[in-house]
Amino acid sequence: MKEFDYSTVKHYKMYNFIKVVFRPLVKLLYKIQFKGLENVPDGSSKYIVAINHTCAFDPIFVACPKEVPPLHFMAKVELFKNPLVAWFITHMYGFPVKRGKGDTSAIDYGIKILEEGHVMAICPEGKRIKDKNGVPQRAKAGVAVIAKATGADVLPVAICCDGKIKAGKKVVVSYGRVIKNSELHLDGDDVGPHAIKDAANMVMDRITELWEAERAND
């Protein structure tokens with residue numbers, strides 16, 4: 001497997017082309033609906049998009065609307081073993097993370113993305129939800145670690161579907177109110193593991209609230 005270049009954040013024209021061409025197809029194929037787009041920050045804000053992990057298309061669903069900027073997202077390293085798949089994911093601003101192995105290179109790259117003015121997307125749960133009803137699970141520390149290092153706000157987003165996501169089913173993407181970095185209580189030099197965990201849990205709780213609200217409307 002070719003090593004991913006974490007040294008620079010590159011720009012690819014293919015992302016916007018794919019977004020424009022495939023947006024109508026995605027909206028039709030999955031009967032997708034978007035709610036809360038007024039909560040998406042403007043281009044002057046530094047923020048992380050945090051999404052519950054339902055399927056491989058999560059970043060695509062969330063990035064579809066015109067209001068959402070290009071999203072740089074973490075993807076499991078196994079996907080990059082196929083050269084063609086790796087090329088496509090890379091050109092769609094995906095970058096590899098070794099799950100469960102303390103992959104600091106991916107975290108450092110995420111920090112670099114934000115510091116350079118781009119937007120990063122992350123699934124705080126760290127892996128795809130196995131619950132058949134799609135119930136959001138507990139968060140890993142990554143989203144809070146990156147928020148602390150960059151001072152970034154967090155935009156919680158919930159993807160909701162009645163059962164497993166597949167073509168022809170209704171999928172709702174709900175964008176919540178931005179969580180300001182100050183709300184996460186990550187400022188200061190004495191922030192420890194407990195504070196990191198609490199911040200990550202706050203993000204996941206907001207996502208879960210959005211998810212539960214949507215399920216209640218079904």
Side-chain angles (χ1 to χ4, degrees), residues 1-23 26 39-51 53 56-127 139-157 175 178-181 184 186 196 199-200 203:
M1 184 181 78
K2 183 180 179 181
E3 289 295 320
F4 183 84
D5 181 11
Y6 290 100
S7 63
T8 57
V9 180
K10 297 182 179 179
H11 304 275
Y12 301 104
K13 294 181 179 179
M14 191 177 86
Y15 183 98
N16 288 330
F17 173 77
I18 292 291
K19 182 171 178 175
V20 171
V21 172
F22 285 93
R23 181 193 294 124
V26 171
N39 291 317
V40 178
D42 60 27
S44 63
S45 302
K46 181 191 295 185
Y47 66 100
I48 302 164
V49 177
I51 316 163
H53 203 352
F57 299 124
D58 293 336
I60 295 174
F61 291 153
V62 176
C64 267
K66 296 178 181 178
E67 293 87 345
V68 180
L71 300 179
H72 296 250
F73 63 96
M74 289 184 179
K76 61 182 181 180
V77 70
E78 290 81 2
L79 294 174
F80 289 78
K81 291 182 178 180
N82 181 306
L84 183 59
V85 174
W87 181 88
F88 180 78
I89 294 176
T90 300
H91 282 70
M92 291 301 292
Y93 295 142
F95 59 99
V97 59
K98 297 175 183 176
R99 298 182 300 180
K101 297 183 179 180
D103 188 5
T104 58
S105 57
I107 294 293
D108 291 343
Y109 188 72
I111 293 170
K112 186 183 300 183
I113 287 168
L114 290 160
E115 294 293 0
E116 291 189 12
H118 309 292
V119 180
M120 177 187 167
I122 186 172
C123 296
E125 295 146 304
K127 59 183 179 181
K140 304 291 185 182
V143 63
V145 171
I146 296 173
K148 173 175 168 37
T150 59
D153 300 331
V154 179
L155 175 68
V157 181
Y175 303 78
V178 167
I179 306 171
K180 294 295 185 182
N181 192 269
L184 296 171
L186 295 173
I196 293 291
V203 171

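All residue numbers in this chain count up from 1 along the given sequence.
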Item to complete: With sequence neighbours excluded, tell me which residues meet side-chain contact (heavy atoms from CB on, under 4.5 Å) with Lys127.
Response: Arg99

Discussion item. Taking CZ in Phe57 as the centre, count heavy atoms belonging to other residues, nucleotides or ligands within less than 6.0 Å. Is the count above 12?
Written reply: no

Practice prompt. Begin with the C-alpha distance, continue with both residues' side-chain angles, and end with the deciding distance and a verdict on side-chain contact (heavy atoms from CB on, under 4.5 Å) for Ile89 and Phe73.
Written response: CA-CA 9 Å; Ile89 294 176; Phe73 63 96; 4.3 Å; yes

Worksheet item: Is there a side-chain contact between Asn16 and Pro70, using heavy atoms and a 4.5 Å cut-off?
Response: yes

Response to the item:
So SG of Cys64 and CG of Leu71: to nearest 0.5 Å the spacing works out to 10.5 Å

Discussion item. Could you walk me through whether Lys10 and Asp5 satisfy the side-chain contact (heavy atoms from CB on, under 4.5 Å) test, starting with their C-alpha distance in whole Å, then the side-chain angles of each, then the deciding distance to 0.1 Å, before giving a yes or no?
Written reply: CA-CA 9 Å; Lys10 297 182 179 179; Asp5 181 11; 3.7 Å; yes

Practice prompt. Classify the ring geometry between His72 and His118 as parallel (under 30°), tilted (30 to 60°) or perpendicular (over 60°).
Written response: tilted

Item to complete: For the pair Tyr109 and Phe4, name the ring-plane relationship: parallel under 30°, tilted 30 to 60°, perpendicular over 60°.
Response: perpendicular

Fill in: Short side-chain to backbone donor-acceptor contact, Asn181 and Asp153, under 3.5 Å
no

Discussion item. With rounding to the nearest 0.5 angstrom, report the CD1 to OH distance, Ile113 to Tyr93.
Written reply: 10.5 Å

Fill in: Distance-minimising heavy-atom pair for Ala200 and Ala139
O-CB, 3.5 Å

Worksheet item: CH2 of Trp87 to CE of Met14: how many Å apart, nearest 0.5 Å?
Response: 4.5 Å

Worksheet entry | Residues Met74, Ile107; criterion side-chain contact (heavy atoms from CB on, under 4.5 Å); working and verdict | CA-CA 9 Å; Met74 289 184 179; Ile107 294 293; 4.0 Å; yes

Fill in: Lys81 side-chain N/O to Ala86 backbone N/O, donor-acceptor pair under 3.5 Å
no

Fill in: Residues which pass side-chain contact (heavy atoms from CB on, under 4.5 Å) with Ala152, listed by chain and number, not counting sequence neighbours
Lys46, Ile48, Leu114, Thr150

Worksheet item: So how far is it from Ile196 CD1 to Leu186 CG, rounded to the nearest 0.5 Å?
Response: 5.0 Å

Worksheet entry | Nearest heavy-atom neighbours spanning Tyr175 and Val62 | OH-O, 2.7 Å

Practice prompt. Determine yes or no for a side-chain-to-main-chain donor-acceptor pair under 3.5 angstrom, with Lys112 supplying the side chain and Val9 the backbone.
Written response: no

Fill in: Euclidean distance, Phe95 CZ relative to Ser105 OG, rounded to 0.5 Å
9.5 Å

Discussion item. Atom CD of residue position Glu3 - does it have more than 12 heavy atoms of other residues, nucleotides or ligands inside 6.0 Å?
Written reply: no

Worksheet item: What closest approach, in Å, do Ala63 and Tyr15 show between heavy atoms, and which atom pair accounts for it?
Response: CB-OH, 3.3 Å

Response to the item:
Test side-chain contact (heavy atoms from CB on, under 4.5 Å), reference Pro124, set Ile51, Val154, Val143, output is Val143

Worksheet entry | Lys140 NZ: over 12 foreign heavy atoms closer than 6.0 Å | no

Worksheet item: Which atoms form the tightest heavy-atom contact between Tyr6 and Pro96, and what is the distance?
Response: OH-O, 2.7 Å

Fill in: Separation of Thr90 OG1 from Tyr12 OH (nearest 0.5 Å)
6.0 Å

